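Scroll down for the structure; my scribbles are underneath it.
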Amino acid sequence: MNQDYIKADNWSIIEEEFDVERVKSSESLFSIGNGAMGQRANFEESYSGPTFQGSYIAGIYYPDKTKVGWWKNGYPKYFAKVLNAPNWIGIDIVINGEKLDLFTCTEVKKFKRELNMKEGWYNRSFEATLANGTEIAVNIRRFLSLNLDEVGYINYEIVPLNKDAKIVYTPYIDAGITNEDANWEEKFWEPLDIKKGSNEAFITAQTFKTHFKVTTFMHNSVLVNGNPSQISPTSIESTVDKVAYTYETLVAKGDTSTFQKIGGYTVSLNHDNTQSAAEKVIQAALAKGYESLLKEQVDAWAKIWEMSDITIAGDVKAQQGIRFNIFQLNQTYLGKDSRLNIGPKGFTGEKYGGSTYWDTEAYCIPFYMATKDQEVARNLLTYRYNQLDKAIENAKDNLGFKNGAALYPMVTMNGEECHNEWEITHEEIHRNGAIAFAIFNYYRYTGDYSYIPEKGLEVLIGIARFWHQRASFSTDKNQYVILGVTGPNEYENNINNNFYTNYIAKWCIDYAYEQIQKVATEYPSDHKRVIEKVNLADAELQDWKKVSGNMYFPKSEALGIYLQQDGFLDKDLVPVKDLDKSQRPINQKWSWDRVLRSPYIKQADVLQGFYFFEDHFTTEELRKNFEFYESFTVHESSLSPCVHSIQAAKLDKMDMAYAFYLRTSRLDLDDYNKEVEEGCHITSMAGTWMSIVEGFGGMRVKEDTLHFAPKIPKEWEGYSFKINFRHQILKMEVTHNETKFSLEGDKALTVFVNGKEVVVQPN
């Protein structure tokens, strides 16, 4: 049974009733971010129950030394960790001598959390009875400013209900923080300096090893019934890594005491003097004030939603799901900085280290291309180009490749491989293919070819060289094979001839070859520069083509399907429907040995290949492969349901497409995989967007033209979405009776709907 406590709502994530068993899950679901920083929805006041404290800063990481009992040549020396940053939200509160702690209150009622996705703020309210009998009503609103993206704001209101109250606020900033996920239980932060002002404080600390400097700051103010109070702190206490101010106020029964706290981070990635920058940021926030900053927040999110919103009529849970996914994607990455990327958990947790995976290229780039300016997607491609030298170094030093072959890391923060599972690190090499495919996909969608001669061609050559060297010739098969790999389906390791890996390897070589010829013809100066730089000769190109032209793909002629890999049919092929539900999820119930020997698939590699290269296969081929592999897929990868939803829609399996859509859109809200307390699945959320636009909308780009094959689940009355296609904004609205388009731009746009040409006029 999945969790079911989030209230259905079109624009908000809502939790009612306080339950200590749900606190950690809700800390993930109600997380907030602004692209530069983010934090879990931890309570500001003290909480002595189970909690996962987490605040994170984009681009700040630590190389946590790998912890294994053995070593092999080429094994990564560290696993990069997104750092749990110094805590600025903390406000200890004592009321009539009793600490406010929801875990120890004698009664908590009218508890409500709301994450307002439309306006970009998080609110928590409750009434509580403390152990000393004092009854209070509390309302807290918090947001991380999109416009001043180094600033967060807390507005904390307390109303005594049954008696006058002496309220003591002790706000603090604390750099003595450790990660929930750490190999050696060591601290990652070294305090450097503390500065204290009348109502503001600063702690400057730097990370060990990587030496990122961060100034964490706070500014405090107290209001009574909405009016500023001139209360000064009664005490200021500090240690080497923590500063706490204490404010005392007397509040009459029924009056409102408000504590406002400005906090945040300035980092050495952006400032030479982080403390001076923090002082300026506070002044900028104070000049605007709480209400003005909140209004700016609402306006900024309105602008984001104007382009990226997907509407669904008649199905509130489906609507809530897609907006939650779009909201979290925008909280995580806004495309302003090509040094940054999208971690699988974003700012909601520490699992996967917060680093860059192949998810970005395979799933996220389409979302950012279509809902923002193409420069955002180009920044994501530039991120990989800037790390090409390290990808070449990784292939050479860790795997023994030569001649500029590049293997991009499975996990990275700075271009170095830092994943610490051998069967993934050195065998899940398909990630190279996703990076090349993203270059192709960017050009296909945007029509901007300039990236390839300027930067992308070097990346494609390095990747093609890797595949050429990674393949080996089988005299038995008289074809080239690729041995000892792990596909996207990580429930099979060290296998031979994974269909998806072999297919994308062939495609990468062919695509790189084609682009070399195109650049030679159309951009001769870039061609000369690149070919001389990488020392590429025609003889090497011919060797590439021998490999790509004679690649082996495992196949069952009897079943008419491609095989996940050699020997897949030798497994005990018991379909998922016959698996006892008590055994699910198998990754939490079975030994790894049992998982690897089973036919059960985390995500279907063959279907991933059919998704990328749909036009290489017939619909009937897709049908046969889909029906076979779906029966063995347990969807314990967050990246799986969206692809199945898209393909089910293409095959007119609309009930299945809808079920998969709900699973991908509500994966975290309903906690399908029973792990949401660790953080939300941010990168797979882009797949949810694809399941509507590419699945139900049937959007494809063919020969520079948009094609649609719209379908609608019977549960919906209608849906709509916008896409930014080559600097023109196209809106598509679908109901059971019609499909309508509207266009923002200065010229007509030709599209195809179910194969029929339609000319959409602007405005």
Side-chain angles (χ1 to χ4, degrees), residues 37 39 42 44-46 53 55 57 60 83-94 99-100 142 144-145 148 150-156 166-178 187-208 211-224 228-249 257-268 270-290 293:
M37 62 175 169
Q39 52 195 203
N42 305 116
E44 291 83 358
E45 74 278 0
S46 299
Q53 176 75 41
S55 294
I57 308 169
I60 304 299
L83 286 190
N84 195 347
N87 176 12
W88 66 262
I89 72 166
I91 310 171
D92 290 340
I93 298 171
V94 175
K99 179 175 282 191
L100 174 58
R142 188 197 322 171
L144 301 182
S145 173
L148 291 178
E150 295 166 319
V151 167
Y153 222 121
I154 297 169
N155 191 73
Y156 200 113
K166 178 183 178 182
I167 301 178
V168 179
Y169 298 102
T170 306
Y172 60 87
I173 49 177
D174 181 9
I177 298 296
T178 57
K187 282 191 174 183
F188 299 145
W189 293 97
E190 177 187 10
L192 299 178
D193 183 60
I194 288 178
K195 182 178 179 180
K196 294 167 280 190
S198 56
N199 286 297
E200 60 191 33
F202 309 84
I203 296 179
T204 300
Q206 73 175 3
T207 58
F208 289 105
H211 304 301
F212 294 109
K213 286 186 180 178
V214 173
T215 294
T216 306
F217 58 85
M218 69 173 177
H219 180 280
N220 311 306
S221 54
V222 182
L223 294 81
V224 178
S229 165
Q230 301 305 313
I231 298 175
S232 298
T234 57
S235 68
I236 300 174
E237 297 181 3
S238 63
T239 63
V240 68
D241 52 19
K242 183 176 181 179
V243 183
Y245 285 33
T246 297
Y247 299 83
E248 297 182 1
T249 180
S257 174
T258 302
F259 192 88
Q260 290 187 344
K261 185 176 185 182
I262 297 170
Y265 310 104
T266 50
V267 302
S268 56
N270 304 318
H271 302 284
D272 293 331
N273 187 324
T274 57
Q275 183 170 293
S276 174
E279 292 169 358
K280 292 176 182 177
V281 166
I282 288 175
Q283 291 308 309
L286 288 172
K288 290 179 179 292
Y290 171 74
L293 268 178

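These numbers come from a predicted model, not from an experiment.
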Distance-minimising heavy-atom pair for [X] and [Y]:
{"X": "W189", "Y": "A205", "answer": "CE3-CB, 4.0 Å"}
{"X": "P86", "Y": "S55", "answer": "O-CB, 4.4 Å"}
{"X": "S238", "Y": "V243", "answer": "CB-CG2, 4.1 Å"}
{"X": "A175", "Y": "I203", "answer": "CB-CG2, 3.9 Å"}
{"X": "N42", "Y": "I89", "answer": "O-CD1, 3.8 Å"}
{"X": "Y153", "Y": "L293", "answer": "CD1-CD1, 3.7 Å"}

Could you grab the distance from atom [atom1] of [X] to atom [atom2] of [Y], nearest 0.5 Å is fine?
{"X": "E248", "Y": "S232", "atom1": "CD", "atom2": "OG", "value": "12.0 Å"}
{"X": "S257", "Y": "I93", "atom1": "OG", "atom2": "CD1", "value": "8.5 Å"}
{"X": "T246", "Y": "E237", "atom1": "OG1", "atom2": "CD", "value": "6.0 Å"}
{"X": "E200", "Y": "S221", "atom1": "CD", "atom2": "OG", "value": "11.0 Å"}
{"X": "L100", "Y": "I91", "atom1": "CG", "atom2": "CD1", "value": "10.5 Å"}
{"X": "R142", "Y": "N155", "atom1": "CZ", "atom2": "CG", "value": "12.5 Å"}

Using modelled atom types and a 3.5 Å cut-off, is there a donor and acceptor pairing between side-chain atoms of [X] and backbone atoms of [Y]?
{"X": "N84", "Y": "Q53", "result": "yes"}
{"X": "K99", "Y": "E45", "result": "no"}
{"X": "Y245", "Y": "N199", "result": "no"}
{"X": "T274", "Y": "V214", "result": "no"}

Is there a side-chain contact between [X] and [Y] in this structure, where contact means two heavy atoms from C-beta onward sitting under 4.5 Å apart?
{"X": "H271", "Y": "E150", "value": "yes"}
{"X": "D241", "Y": "K187", "value": "yes"}
{"X": "T207", "Y": "F188", "value": "no"}
{"X": "N220", "Y": "Y169", "value": "no"}
{"X": "W88", "Y": "I154", "value": "yes"}
{"X": "N273", "Y": "Q275", "value": "yes"}
{"X": "K288", "Y": "L148", "value": "yes"}
{"X": "L83", "Y": "I57", "value": "no"}

Item to complete: Kindly determine whether K213 and T215 satisfy side chain to side chain contact (heavy atoms under 4.5 Å, CB included), including the steps that lead there.
Response: CA-CA 7 Å; K213 286 186 180 178; T215 294; over 6 Å; no
Discussion item. Could you walk me through whether K261 and E44 satisfy the side chain to side chain contact (heavy atoms under 4.5 Å, CB included) test, starting with their C-alpha distance in whole Å, then the side-chain angles of each, then the deciding distance to 0.1 Å, before giving a yes or no?
Written reply: CA-CA 10 Å; K261 185 176 185 182; E44 291 83 358; over 6 Å; no
Worksheet item: Do you know which of K196, H219, M218, E279 makes side-chain contact (heavy atoms from CB on, under 4.5 Å) with F202?
Response: E279
Worksheet entry | Axial cation check for Y172 ring with K242, 6.0 Å and 45° limits | yes
